[in-house]
Structures are given as C-alpha cells and as structure tokens.
Protein chains: 2
Amino acid sequence: MTVSRVLRNRGDVSQATRERVLAASKRLGYVPNKIAGALASQRVNLVAVIIPSMSNMVFPEVMTGISEVLEESPLQPVVGITHYRPEREERVLYEMLSWRPSGVIIAGLEHSDASRAMLENAGIPIVEIMDTDGTPVDSVVGISHRRAGKEMANAIAAAGYKRIAFLGTKMPLDHRARKRFEGFTGALAKAGIEMADHEFYSGGSALLKGREMTETVLKRTPDIDFLYYSNDMIAAGGLLYCLDNGIAVPGQVGLAGFNGIELLDGMNPKLATMDACRREIGRKAAEIIARCTEAGLDHADERIELTPRLSIGDTLQRG
Amino acid sequence: MTVSRVLRNRGDVSQATRERVLAASKRLGYVPNKIAGALASQRVNLVAVIIPSMSNMVFPEVMTGISEVLEESPLQPVVGITHYRPEREERVLYEMLSWRPSGVIIAGLEHSDASRAMLENAGIPIVEIMDTDGTPVDSVVGISHRRAGKEMANAIAAAGYKRIAFLGTKMPLDHRARKRFEGFTGALAKAGIEMADHEFYSGGSALLKGREMTETVLKRTPDIDFLYYSNDMIAAGGLLYCLDNGIAVPGQVGLAGFNGIELLDGMNPKLATMDACRREIGRKAAEIIARCTEAGLDHADERIELTPRLSIGDTLQRG
DNA sequence: CTGAAAGCGCTAACAG
DNA sequence: CTGTTAGCGCTTTCAG
C-alpha cells in the first residue's frame, strides 16, 4: 500500500500523506520487515564477506576497506569466519548464499569443489580477494604472493645476506603464506642461495612465538645472517628477542616480515616488511560489488593485481 | 511439501524418499531460500552484534568469544560497526532489527533515545556488553570500568608512586575509557594524590601515538614517576619509547595499560595491565542469547559482572 | 508417511 | 496520487 511507498521514497506520494505515514510509523516504533520485503522484491542489500579469521590484524583492515565503500551505498557487509578450514568455508558460504546476498567477497582462490560450484551457480558477482595466483570464479583483487616472496628474496640477496632462514606458520591451509614461501625459496635458489634453516609454528601469541622461534633458529644455526618471517607479528617478536639479547640488528642479523601492519610504525628499529595492500583490496572488492549491484550485473570478471610496496625499514641493510 | 521436511530433518519421512530428495537437491545445486523460510516460520537464526570498531584488538576478541559459543548452536552472528557514533549505531541497529534477528548483542550502555526504544520494543533478548556501570535494557555482561580505574589507581598508589600521569584517547564518545578515567582520578584523590599531568590523542597508529604522548608528557613534566595509559597499545608504545631513551622502567617511571592484550605477552619487560575479560564477555553474552532462543524467551534480564584481573607485570613496582 | 492449502509481510503492477 | 491484487518460496496445519 501507500505506506510502503513513502517508507522507500518511491512513487509519487503527496506531501501530506507522506508526513502522516512517517508520523504514525515513528509513533508506533515501526520497523519494516526486510524479510518480507526481500522475498517480494527479490533484492537483498547484503554482501557476504567470507574470511579465514578476524584475529590476526590483516582481515580487520580488509574489512575496514570494504566498510568504507559500502557505507556510501545501500549495501551492508555480513561477515563469516572460516578459521582457514575448507569445510567451514563450505558451510558458511551455504548459509550466506541461502540469504540471497547481492554479492560475495571471499578470501583466497582455493575452495572445495562444492564451494566452487556454489559460487559459480550463485548468479551474483563474486570477488575473490587477497591472492591473484590462480584462477578466479569471477573477479579477483589482490597481490601475487609468489611475487611478493620472490621480491623479498631478491632484496635480501641484493643486500648481501647469505645465510637466510624462514620462520612462519605451518602452511597446509594458509595458501598465501605457502605461495610466499615458494616464491621466496625459488628466487633464492636462482640467486644460488640455499635456505639455511626454517621453523614453523601454529597457534599461540604470535609475538611470543616469534621470540621462541627466533631463539630456536639462532641457537640451532648460529651463523644465520637473515630472518624472513611470514608475518609482521612474529617478526616483531623476533626483533624484540634480538634487542633483548644483544644481537645487533641489522649488523649481525637482518629481519623482514610481511603485511605492513601499522604496529610496526612505532617500533625502533623499524622492521622491513612488504605492504599487503589490505585496505585497498577491501575497497576495490567492495567497489566491484557495488558497481555490479547498481548496474544489475551478475558478474564483473575483473582482475585487479595490486603491487605490494617493499619497505626497507632499518632491518634490511648491512649494518 | 515433503522436500522441506527432509531438508530440515523434521517429521517422518521414509528413508527411500529422503534419499531421493537429497540426491536431487545435490544434483541441482539447490540452496534453500532462507528468506522465504524465515518469513514463513517467523524464525531467523541470526544474532545481531553491534560494536564500535573492529580495528583496535579488543572487539575482535569479543567476537571470537561470541563465535565460539554460537558455533555450537544453530545461531549465526552478524556484525555491524558504529565507529563510536550514536547516529551510526541507530542506523545499524535499525537495519539489523529489520531482519528480525533472534537476539542483539550490543556494546555499551549508552544509546540514543531512539536506539533504546528500538531495543526495548524489539521483543527479543538484548545483551549489552563490556560495561556494567549503568542501567541495561535487558541483560548485561561486562566489567565495571569505574572500578577498574579505581583499582589500578590503588595499586599504583600502594606501590609508592606519587607523580602520576594519565595518557589516553579523547573520550567524548568512548564511555568506557571515560569511566576508567573517572574511577582512576577519584581513587587517586582519595589517596591524596593529584594527577600530575595528562595527555589525550585521537586517531593514528596507537603504538606511535603512545611514543609521542610519552615524550610530550615526560618533557613537560620531568618528575613524573608513573604513566597510566588508557589502552595497552599506547602503553606498549610508551614502553618502547622509554627503552629507546634510556629511561629505566620501572626504576625511573612505572607504566600500566589496560585490556590485557595478547601482544604484551611477548614484550620484555612485561607491561602491567588489567585484563578486560573480552573473550569471556563474548562467550557469556552469546550463551544468554543461545539459551533464550532455545527456550523461546524474549528476554533474560541477567546481570553478569566479571572481575578484571590486575597483572603487575614488570612495570608496576619500584625498581 | 505424503500431499494440498493457507498464509508469513511485503513489493509490483495495475486500476481507479 | 492512492487503493487493490497477486504473488515471492518457504513452513505449518490439516487431510488423506
């Protein structure tokens, strides 16, 4: 009826009626039922955002980017967490799709067959984010982690380091860390350098793990001259360990992390890292969905590869 | 029809039919439409979670707690971000309520009149979290920030510090930081100590801001012997500043933060802080909603006040 | 155990 | 400009 029209600012309604309706709806504390609305109109202003985790600093920033652009549109993000587990991704995706969202933003290019099938058949724009090394269902925005690993390796080799260790997460399910590792070792090999040591962890406080792993590696392989970490948080832990134990940085060992988290800005010396463009990725992904929704398109087929900036900081240069 | 019954495991269906339906639904990649389902059944397995921010380490952990318990139930969290702005809270709440969720978990006790009215009339369980200093709409789970400030002040005074400064966020909209500040100054006053200096910031990298504010305060009031920060991140920045500048901690100045973030575990010396029970708050809040939903109740009227634990660390004791 | 029928609260299209 | 009508795709109830 008319009420619906005024509440949605659609169609022609006289000023008088509009005011009467608005007043009544306010007085009664009326909140429209979007469920019914969505069912009738076949339109839902929700964007499904599916990410592995919320607790490691990287995805909250992606979310910030997404929110920033969606706030300018009628769309709303709804997030689901997979804990890096494909079976959870499948379930979360299924749940989300059953609400018929306007689009999906999902981390990574690796999905189970069932997930992939759902994405392909959803009939809405899909943006896979973070990673560009692979084949997307529809659109993709991210960086090449293989290239990121490679470039870091080249920078380290160019600085003259020779005895290099890798410290990171156990990677069976973190494909992006794995790709960085692969790119890294590959480039080192090309430079004629073999990795001198490596250490992996899972779970626990990253800062603390960084300390522990660093200690382990430096005790096991004392002639190490560079430590490359799979993320900034463990790198920061490693840096603190070195400082506490009188290990000269970067004189005796150099360090580098990955992500470019804000946390590092306040540290001294400043850690070398590579910016993962997290917020920008979120923004671009949201923009694709917003554009499709506005235009009524069910896919965009865009491919945006961002370039991570290497930040030398104070820890990637011979003292 | 029958299909609906098997997909929901309800009612009696013969094994044969069940299998036939399951096979067909899988083959066709059928994803049920929850919108229609929700409209028909008047039941929605969504829990609205409304928080101010996702980027400061505290709310992600609350979310972790919420997710942990909701994962064991049919309920799903849907989060909305307010950026500490009441008008955004209002809008987000309105949007969320229009999806008729099974419950609301919302940060803080301070809401606009309109928001409060919506919460009161929603007819679903509401849990206000983080803070217990005030009057909840329905249930509340959190800590008393006023008391947290007070207890920290007492611990500092008991340790013999006399020239105390407060460093924190600008607080017009962060009611919890404000309450801690009030409790803190109140208790100091009772101990006959007047605050020696204070400094506020807004925005930017917390770690970096912590450094800057610490420098400002120590230069302006050189005889300061204790720095109390409104959160751990700026406290960590302050600690790093002291270490870099040869200021003995806790010999020359003591430091304390607030939140008990995991980040501190890896630092050395270990910062004094007070655990805000973030994950536990999330868990308890989710449990209340889950319980109500299961029992079909539309409110719980529970009040859970957690006790923050003071962690002395290495920075709250005369050297 | 299975089918048929009546809505859920809205939107969209059409008449007045 | 405003009222009426027919669904949206399910769940629920009631008969077979």
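Note that this is a predicted model, so its numbers are computed, not measured. A note on names: the letters A, B, ... follow the listed sequences, proteins ahead of strands, and every chain is numbered from 1.
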_salt bridge (charged side-chain N to carboxylate O under 4.0 Å, His left out) for B:R303 and B:E305? Distances and angles first, verdict last._
CA-CA 6 Å; B:R303 179 193 169 77; B:E305 180 170 333; 3.4 Å; yes
Provide, to the nearest angstrom, the distance between the [atom1] atom belonging to [X] and the [atom2] atom belonging to [N].
X     : N      : atom1 : atom2 : answer
B:W99 : C:dC8  : CH2   : C1'   : 15 Å
A:N45 : C:dC10 : CG    : P     : 15 Å
A:L39 : D:dC10 : CG    : P     : 9 Å
B:L97 : C:dG9  : CG    : C1'   : 17 Å
A:I35 : C:dG7  : CD1   : C1'   : 15 Å

_Is B:Q42 close enough to D:dC10 that one of its side-chain N or O atoms is under 4.0 Å from OP1 or OP2 there?_
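No, B:Q42 has no side-chain N/O under 4.0 Å of OP1/OP2 on D:dC10.
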*Look at B:Y30 and D:dC10 and indicate whether a side-chain polar atom (N or O) is within less than 4.0 Å of OP1 or OP2.*
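Indeed, a polar side-chain atom of B:Y30 lies that close.
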Does one side chain, of [X] or [Y], offer a donor that lies under 3.5 Å from an acceptor on the other?
X      : Y      : value
B:H145 : B:R180 : yes
A:S112 : A:S115 : yes
A:E89  : A:H83  : no

Side chain of [X] - closest among [options]:
X     : options                : value
B:N33 : D:dC10, D:dT11, C:dA12 : D:dC10
A:A36 : D:dT12, C:dG9, D:dG9   : C:dG9
A:R43 : D:dG9, C:dA12, D:dG7   : C:dA12
B:A40 : C:dA12, C:dC8, D:dC8   : C:dC8

Side chain to side chain contact (heavy atoms under 4.5 Å, CB included) against [X], all qualifying residues, sequence neighbours excluded:
X     : result
B:Q42 : none
B:S41 : B:R43
B:A40 : none

*Can you name the residues that form a side-chain hydrogen bond (donor to acceptor under 3.5 Å, both in side chains) with A:D131, not counting sequence neighbours?*
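Only A:K179 meet the side-chain hydrogen bond (donor to acceptor under 3.5 Å, both in side chains) criterion with A:D131.
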_As a check on the pairing definition, encode DNA chain C in dot-bracket form, counting Watson-Crick and G-U wobble pairs whose two distances are under 3.5 Å, and using | for partners outside this strand._
||||||||||||||||
*Residue pair A:V140 / A:L109: nearest heavy atoms and the distance that separates them*: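 Answer, listing the atom of A:V140 first, then A:L109: CG2-CD2, 4.2 Å.
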Could I get a table of every N or O pair under 3.5 Å where one atom is in the protein and the other is in nucleotides 13-15 of chain D?
none

